[in-house]
J.: 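Mind having a look at this structure? Questions to follow.
First listed ligand is number 1; within each ligand, the first listed atom is number 1. Everything numeric here is computed off the predicted structure, so don't read it as measured data.
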Amino acid sequence: VSEPVRYSRVDDIGLITIDNPPVNALGVAVRRGLLECLQTGLEDDAARALVLIGAGRTFPAGADIREFDQQPQSPSLPDVVAGLEASGKLLIAAIHGTALGGGMEITLGCDYRIAAPDARMGLPEVNLGLLPGAGGTQRLPRLAGVRPALDIAVNGRPVGVSRLQDMGVVDRVATQDLQADALAYARELAAADAPRRPLGELAPAAPDEAAFDEFEQLVARKKRGYEAPAVIIEAVRTATQTAFADGMVRERELFVERRNSAQAAAQRYIFFAERKAGKMPDIPADASARDIRTAAVIGAGTMGTGIAITLADAGLPVTLLEQDSEALARGRDKLERHYRGQVDKQRMNAATADQRLASITPTTDYVALADVDLVIEAVFEDMDVKREVFAQLDRHCRADAILGTNTSTLDVGAIAEQTQRPENVVGLHFFSPAHIMRLVEIVRASATGDVAMKTAAALVKRIGKIGVPVGVCYGFVGNRILHKRQAQAVNLVTAGATPEQVDRVLYEFGMPMGPLAMWDMAGLDISYKAREHVRAHDPSNAPPRNWVDEVVEAGRLGQKTDGGVFDYDGRKPVPSPATAQHIESFRARQGITPRDIDDAEVRERCLYVMVNEACRILDEGIAARPSDIDVVWINGYGFPRYRGGPMHWADRVGLADILERIRHFHDTTGDPDWAPAPLLERLVAEGRQLGDLN
Ligand SMILES: NC(=O)c1ccc[n+]([C@@H]2O[C@H](COP(=O)([O-])OP(=O)(O)OC[C@H]3O[C@@H](n4cnc5c(N)ncnc54)[C@H](O)[C@@H]3O)[C@@H](O)[C@H]2O)c1
């Protein structure tokens, strides 16, 4: 076995190389090796200075996350950094790739830092519900000042070399080969008798109240509900108040507390869940994805333009097809407005925007699709329209082209049957706005082939999104669960809650908006039409009339008509007297006397109904594993990441308690949505958790 860290000498400079592919994660063997090689270097009389570098594609990109759930093994990372800092020789970090978390903290234990021009550094611990735990919160403010330290540790985003130079974190940028440049730099420093620079010996950092205020406000606004960001601010504040040794003690206490917290466990869980989501256990490993070099989008409406932008931004040439030149012009306008906005907001330079726009070719002629590798259809949600489109696609596209549909509610299998190649037809259910939302449900119809699934999954990954394979059913995974929750929100109000109360409870739980405000945003008319359709065509399954039907019939369709369930003050929902009237008269006609409903009942009914439906979805094999459902709800609907998703959260609450309440609601309401899911009953009977099925 090769050693994960090795020592060598190049003339008069000692070289410590971390070689632990793929990303030089700082597992226990690396930590041990670092201290051993440091010792060797210190004892090597021929070495005037030491350089620390990573082999392969990056300087250490962080801790080994798998060790978080195990007993800590020594040496700890703080001990390693302290060892580096106490080195009796000049120590120079040579950084390339992404020095993240512990990787960045190690560089702060060195005296000087040289970086490749495209290197990046960061402290992303916050994204896992943690804080930097190896001195990052104490050394970085001392080196760079409070504001840059907060910026890096609270936002958790890596920053590039020029900013790192401005902050004084990077001393020099390599111009040729990083290792050669680092060795030369070490020689130069040694020759000049450059001083050692242990950050741990510096006085506390200068306080910066304005920066602390600003970040406290930012956290309250943008990281509502997350515990770690405020803890990071506290740790950085400590670095301005106490001696280094005391600050390190405090950082360790806070770190251990975070590491053991429910939020960190949830965020770690979902981190792995997202990586596992694309894995399809039922597809043989030898099924390979087809290469996608060109794509087409059918329909330039809300979704089609968003999808075209996403594809173009990933570097794929896109052909955008509409039914006539007017609709095409409207689509073009939308694309132009989007890219102009990107330039105005300085997210993109004008040349890039022009190039992206130019990579989207509008057309009304299917002949232009003769040679595309993949098509995504996003026309009206109407089976006859989709049928016609797929018949055209079948006629004009190459036989091996993958044909995707963005339908939300139609049967992907029935759409596939319109073609001679149902094995190449797959659902690609994007969420709105498609260029922003990360989730795509990849829908497998019974005829969809392994290659189409693999190709779709590879494409979704390539465009920077998270794909979750799902089976065919009404609403797939996400919307099917959503519909159950929305029904509870409506029923709670019918029974006596106010729309404001329902929305407040879910908002306080951590959802980005309440269920009813969300409905106003999407438009109440869409689901109204769907209910009316069932009422007209399938009376035995007809949903009972509810007060939302009356709100819609009064012309209140949501935000687009300046009012739906709520009135709007700008974009802010406010209680609507008109809606209150509809609710009251609806109750009166139904003979319902409103009762007081406490917040706990709102919370239980809106969330436990989701857990129950999710269990049915799992039993039916519509989702492959509970963690996929968590990935869907976190990335498609804003379920709070720090709760790990509805399945992880349900395990925390306790499935037995949840089942008991589900039975209670079933007994008291008779609502079939509350019939306990068999899977939930089995798990409770066996004393198991949903997490056991992942
Ligand atoms: N809007 C959402 O939130 C959302 C989310 C997920 C999925 N979807 C699904 O995406 C699809 C499109 O929805 P949308 O909201 O973008 O609708 P939209 O009405 O905004 O756009 C549909 C576009 O399709 C075009 N079109 C209609 N018939 C056509 C044909 N025969 N050939 C070419 N173009 C044609 C229309 O001109 C229009 O521009 C639907 O299947 C919908 O269910 C929508």
J.: If you look at every heavy atom in Thr302 and Ser432, which pair is closest and at what distance?
T.: CG2-OG, 4.2 Å
J.: What residues come within 4.0 Å of ligand 1, counting heavy atoms only?
T.: Ile298, Gly299, Ala300, Gly301, Thr302, Met303, Glu322, Gln323, Ala327, Ala378, Val379, Phe380, Glu381, Val385, Lys386, Val389, Asn406, Thr407, Ser408, His429, Phe430, Ser432
J.: For Ile617 and Phe476, work out which heavy atoms get closest and say how close.
T.: CD1-O, 4.2 Å
J.: Assess whether a salt bridge exists between Glu532 and Lys529, defined as any Lys/Arg side-chain N lying under 4.0 Å from an Asp/Glu carboxylate O.
T.: no
J.: Salt bridge between Arg504 and Asp599, side-chain N to carboxylate O under 4.0 Å?
T.: yes
J.: Say whether, by atom type as modelled, one donor and one acceptor occur between the side chain of Gln486 and the main chain of Pro515 under 3.5 angstrom.
T.: yes
J.: Under the rule for salt bridge (Lys or Arg N to Asp or Glu O under 4.0 Å), what residues qualify as partners of Glu500, not counting sequence neighbours?
T.: none
